[in-house]
Amino acid sequence: MKYVIIGGDAAGMSAAMQIVRNDEDAEVTVLESGTYYSYAQCGLPYLLSGVVEEADHLVARDVETFREKHGIDARVNHRVTGVDPKQKTVRGDGFEVPYDKLLIATGARPIVPDWDGMDLGRIHTLKTIPDALGIMDNLGDEVKHVTIVGGGYIGLEVAENLALLGKKVTIINRSERLSADFEKSMSSLIQDEATKHGVELVLGATVTGFSGDTDGNVQTVQTSEQTINTDLVIVAIGVTPNTDFLDGTGIHLSPKGAIKVNAYLESSVSCIYAAGDCATQYHRLKQIDDFLPLGTHANKQGRLAGLNMIGHARPFQGVVGTAIMQFFDLTLARTGLSSREAQDLKFPCAISETETSTSAAYHPNAERIHSLLVYHRDTEQVLGGQFIGKTGVDKRVDVLATALYYSVTMEQIENLDLSYAPPYNSVWDPIQQTARRR
């Protein structure tokens with residue numbers, strides 16, 4: 001059986017490893033458009049600051065390991081430009097590869113609008129190791145000021161890490177607030193943290209273009225509100241699935257361009273599967289196929305796709321939308337639905353919000369934590385939650401993510417038997433205190 005995988009990162013190589021471990025006779029070919037295999041894209045902002053010291057530290061397994069240890073025909077610099085489902089082949093510049101079963105794991109690429117001046121030097125996106133190395137090459141002493149376009153997860157992580165290098169950072173965001181996935185009260189905490197660490201915020205502004213200096217490097221950013229002098233720009237306004245090469249295949253795509261897959265990661269075309277940032281993910285709360293490009297989902301979907309391709313039927317159980325990140329001294333986390341998402345789905349929802357302690361209030365290690373729960377006004381089913389604080393945020397968001405997976409109510413949250421000792425918690429966990437105050 002000839003298995004072909006397009007894409008050599010999280011989803012693709014998770015699938016490849018399941019195939020070779022469970023089918024000794026499998027012929028596995030992986031076509032990777034770049035030169036790096038199986039690396040941690042989420043670690044790239046920390047490479048910029050030196051928190052991660054070397055790019056190789058982000059590589060889980062190099063291409064030679066897949067070839068020599070696991071017998072995978074792992075190819076580099078093989079960009080696929082087309083798929084022929086009738087002939088069961090994939091093609092690129094100078095190659096054509098036949099398949100019996102195909103996995104598309106091409107990921108996503110940064111959205112880059114057609115702004116004036118986008119071809120200037122020192123304007124970057126951040127999605128790959130070469131992207132990060134290119135930014136680092138431009139971060140010399142002559143670069144004093146960096147402008148980040150986009151106030152989402154990547155924008156905030158890059159802002160923090162460049163501030164750690166001593167750069168003056170400005171974030172431009174089209175929305176009136178940072179991290180619009182968070183409730184307004186939570187976003188204000190994030191904005192306060194940015195300002196506290198010297199990050200300038202330009203909110204509610206739209207970028208219209210860039211101008212350059214005599215050397216061809218970016219010099220100013222023009223927005224709908226003002227012109228900003230800068231030495232380097234990073235555009236981080238989101239990603240779009242790498243699925244353009246599938247035109248004419250009959251593969252069904254979502255409105256955002258992701259490959260629509262069923263629970264077994266099968267596309268609409270026989271013998272073609274998809275996983276990771278180029279595919280949809282079933283959202284357990286929304287009860288619809290969604291597009292949430294995260295490494296956790298890519299690894300799970302890839303693993304299950306590999307098993308399903310060799311006949312070991314294992315359905316993907318879906319996601320609840322859990323995410324966490326560090327931003328200077330704070331940890332920001334959310335899971336489930338925001339009130340806006342709930343309202344878009346016509347769910348009658350309400351919010352309960354508290355500021356409590358991560359441990360017994362009298363304990364010297366006690367820190368404040370802001371907790372917010374979104375719940376169904378009629379059934380009291382918990383729909384989502386958000387947490388911001390210096391410590392204890394990861395514990396709360398993971399407890400709630402588990403609860404959301406099983407569709408608990410606010411009363412059931414109160415009844416959870418959660419751990420307590422003064423250094424770690426109060427007798428009522430912050431999640432439970434928030435549920436009680438509805």
Side-chain angles (χ1 to χ4, degrees), residues 1-35 37-38 63 66-67 70-109 240-254 257-281 289 298-316:
M1 182 72 75
K2 293 181 174 62
Y3 300 95
V4 173
I5 297 171
I6 309 174
D9 202 10
M13 300 321 293
S14 293
M17 292 304 298
Q18 291 303 311
I19 294 171
V20 298
R21 286 169 176 165
N22 291 282
D23 184 354
E24 293 181 356
D25 297 324
E27 296 181 21
V28 180
T29 301
V30 180
L31 306 172
E32 166 57 39
S33 63
T35 57
Y37 267 68
S38 215
V63 65
F66 288 115
R67 291 170 179 164
H70 301 291
I72 296 170
D73 182 4
R75 307 184 191 183
V76 297
N77 299 317
H78 276 61
R79 181 176 297 278
V80 173
T81 58
V83 174
D84 187 337
K86 292 182 180 179
Q87 298 298 320
K88 299 183 82 169
T89 60
V90 299
R91 64 182 181 277
D93 186 14
F95 67 89
E96 184 173 273
V97 182
Y99 68 85
D100 294 310
K101 291 188 178 180
L102 171 67
L103 173 65
I104 301 170
T106 47
R109 65 185 183 278
T240 187
N242 286 317
T243 56
D244 295 349
F245 68 99
L246 299 175
D247 287 350
T249 61
I251 293 174
H252 295 169
L253 305 180
S254 75
I259 300 167
K260 298 184 72 170
V261 294
N262 63 16
Y264 297 92
L265 289 311
E266 296 170 305
S267 76
S268 58
V269 173
S270 176
C271 298
I272 298 181
Y273 298 71
D277 291 0
C278 65
T280 57
Q281 298 85 32
D289 290 330
N299 279 278
K300 291 187 186 79
Q301 284 191 316
R303 180 176 185 273
L304 294 174
L307 291 172
N308 289 317
M309 290 170 77
I310 60 174
H312 296 188
R314 289 277 299 277
F316 179 62

- Give the intermediate values and the outcome of side-chain contact (heavy atoms from CB on, under 4.5 Å) for residues M1 and M309. CA-CA 10 Å; M1 182 72 75; M309 290 170 77; over 6 Å; no
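- Rounding to the nearest 0.5 angstrom, the gap separating the CG atom in N262 from the OH atom in Y273 is 8.5 Å.
- Without hydrogens or angle criteria, K88 side chain to D100 main chain gives a donor-acceptor distance under 3.5 Å.
- In terms of heavy-atom proximity, T249 sits nearest to L246 at OG1-O, 2.6 Å.
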- Could you walk me through whether M13 and I5 pass side-chain contact (heavy atoms from CB on, under 4.5 Å), step by step? CA-CA 8 Å; M13 300 321 293; I5 297 171; 5.7 Å; no
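- Around CZ of R79, the count of heavy atoms belonging to other residues, nucleotides or ligands within 6.0 Å does not exceed 12.
- Taking the side chain as every heavy atom from C-beta outward, I310 and Y3 approach each other to under 4.5 Å.
- The main-chain N or O of V80 is never found under 3.5 Å from a side-chain atom of R91 such that the two would form a donor-acceptor pair.
- Contact detail for T280 and V261: the closest heavy-atom pair is OG1-N, 3.3 Å.
- If you take CD1 on I259 and CG on N242, they are separated by 10.0 Å, rounding to the nearest 0.5 Å.
- Side-chain contact check for I104 versus F245: some heavy-atom pair is nearer than 4.5 Å.
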- Message: If you apply the rule side-chain contact (heavy atoms from CB on, under 4.5 Å), what do you find for V4 with L103, and how did you get there?
- Response: CA-CA 6 Å; V4 173; L103 173 65; over 6 Å; no
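- In terms of heavy atoms, A16 sits closest to V28 at CB-CG1, 4.2 Å.
- Within the 4.5 Å cutoff, the side chain of I272 has heavy atoms near those of the Y99 side chain.
- Counting only N and O atoms by type, the side chains of D84 and T89 include no donor and acceptor under 3.5 Å apart.
- Side-chain atoms of R67 come within 3.5 Å of backbone atoms of A74 as a donor-acceptor pair (strictly under, hydrogens ignored).
- Judged by distance alone, with hydrogens and angles left aside, the side-chain atoms of Q301 form a donor-acceptor pair with the main-chain N or O of G276 at under 3.5 Å.
- Between the side chain of S268 and the backbone N or O of G250 there is at least one donor-acceptor pair closer than 3.5 Å.
- Closest of all the heavy-atom pairs between C278 and T243 is O-CG2, 3.9 Å.
- With hydrogens and angles ignored, the 3.5 Å screen pairs no side-chain donor or acceptor of S267 with any backbone N or O of A274.
- Expressed to the nearest 0.5 Å, how far CG of N308 lies from CZ of R303 amounts to 10.5 Å.
- For the pair S14 and N299, the tightest heavy-atom approach, listed with the atom from each and the gap, is OG-OD1, 3.2 Å.
- Side-chain contact check for K101 versus I19: every heavy-atom pair is 4.5 Å or farther apart.
- When atom types are taken as modelled, the side chain of Y37 and the backbone of R75 share a donor-acceptor pair closer than 3.5 angstrom.
- For the residue pair Y264 and A313, the shortest heavy atom distance occurs at CE2-CB, 4.0 Å.
- If you take CG on D93 and CG on N77, they are separated by 11.0 Å, rounding to the nearest 0.5 Å.
- From H252, atom NE2 reaches atom CG of D289 across 13.0 Å, with rounding to the nearest 0.5 Å.
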- Task: Let me see the working for I6 and V83 under side-chain contact (heavy atoms from CB on, under 4.5 Å), right down to the final yes or no.
- Result: CA-CA 10 Å; I6 309 174; V83 174; 4.3 Å; yes
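- Looking at N22, its side chain does come within 3.5 Å of a backbone N or O of Q18 through a donor-acceptor pair.
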